[in-house]
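Basis for what follows: all heavy atoms, side chains included, without hydrogens, waters or symmetry-related copies. Computed from a predicted model, the values in this text were never measured in an experiment.
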Amino acid sequence: MKQQLERLLSIRQVGELLGEISASSVYRMKANGCLPAPIQLPIQRSCWPASEIQLIVEGIADQVGEEQIREIVAGIHERRERKKVIELL
């Protein structure tokens, strides 16, 4: 079975998708629990999977509250952890 590669977004691209916000605003959203932590690449770059940011964008578009966005982010982190465990098996 072929696994599809996930598109990775830079901080600039994430800011653009979230309404042309700055890199510092992206990191502020992460610090407030409204964005998942970026994935650290070996080349000293941080990025976000496009599918994860899409979930956040959809939540914002649906005008869910900040608490619901934090729940989405918590779900993203849980899926990442489960994926790590599966990859280790």
Side-chain angles (χ1 to χ4, degrees):
M1 182 164 100
K2 259 189 183 178
Q3 187 176 6
Q4 191 172 6
L5 294 177
E6 172 83 40
R7 181 170 176 233
L8 300 176
L9 303 174
S10 68
I11 191 164
R12 181 185 54 79
Q13 292 169 313
V14 170
E16 288 172 2
L17 287 172
L18 294 172
E20 301 294 329
I21 65 172
S22 67
S24 60
S25 292
V26 170
Y27 280 116
R28 194 173 311 113
M29 285 181 72
K30 180 202 143 304
N32 291 334
C34 293
L35 273 181
I39 294 171
Q40 301 298 317
L41 298 178
I43 55 173
Q44 295 188 353
R45 256 189 96 181
S46 298
C47 61
W48 286 262
S51 61
E52 294 178 1
I53 299 304
Q54 185 62 37
L55 290 173
I56 304 301
V57 169
E58 289 169 3
I60 292 169
D62 291 343
Q63 298 181 346
V64 301
E66 203 169 293
E67 191 56 41
Q68 289 90 345
I69 295 292
R70 285 190 182 100
E71 289 174 14
I72 293 168
V73 171
I76 289 169
H77 285 144
E78 287 173 18
R79 281 191 293 280
R80 284 185 186 177
E81 286 302 313
R82 278 195 307 264
K83 187 176 178 183
K84 276 187 207 175
V85 169
I86 290 170
E87 289 173 354
L88 291 173
L89 296 178

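- Pairing each heavy atom of Pro36 with each of His77, the nearest pair is CA-NE2, 3.5 Å.
- For the residue pair Ile56 and Ile69, the shortest heavy atom distance occurs at O-CD1, 4.1 Å.
- For the pair Arg80 and Pro38, the tightest heavy-atom approach, listed with the atom from each and the gap, is NH1-O, 4.2 Å.
- A single hydrophobic cluster is seen to contain both Ile76 and Val64, as judged by linkage of ILVMFWY side chains at heavy-atom distances under 4.5 Å, directly or through other members.
- Heavy atoms only, all atoms of each residue included: Leu18 and Val57 are closest at CD2-CG2, 3.9 Å.
- A single hydrophobic cluster is seen to contain both Tyr27 and Ile21, as judged by linkage of ILVMFWY side chains at heavy-atom distances under 4.5 Å, directly or through other members.
- Following chains of ILVMFWY side-chain contacts shorter than 4.5 Å, one cannot reach Leu8 starting from Met29, and the two form parts of different hydrophobic clusters.
- In this structure, Glu16 CD and Ile53 CD1 are separated by 12.5 Å, a value rounded to the nearest 0.5 Å.
- Atom NZ in Lys30 sits 10.0 Å away from atom CG in Asn32 (nearest 0.5 Å).
- In terms of the salt bridge (Lys or Arg N to Asp or Glu O under 4.0 Å) criterion, Glu71 has no residue partners (sequence neighbours excluded).
- You'll find the side chain of Gln40 stays beyond 4.5 Å of the side chain of Cys47, heavy atoms only.
- Side chain of Arg70 to backbone of Gly65: no donor-acceptor contact under 3.5 angstrom is found.
- No donor-acceptor pair closer than 3.5 Å links the side chain of Glu20 to the backbone N or O of Gly15.
- Gln68 places none of its side-chain heavy atoms less than 4.5 Å from the side chain of Asp62.
- For Glu66 against Cys34, the heavy-atom pair with the smallest separation is CG-SG, 3.4 Å.
- The closest side-chain heavy-atom distance from Ile11 to Ser46 is not below 4.5 Å.
- Nearest heavy atom pair, residue Ser10 against residue Arg45, reads CB-NH2, 3.4 Å.
- Arg7 places a side-chain heavy atom less than 4.5 Å from the side chain of Leu9.
- Arg79 and Glu52 are not joined by a salt bridge, as no carboxylate oxygen comes within less than 4.0 angstrom of a charged side-chain nitrogen.
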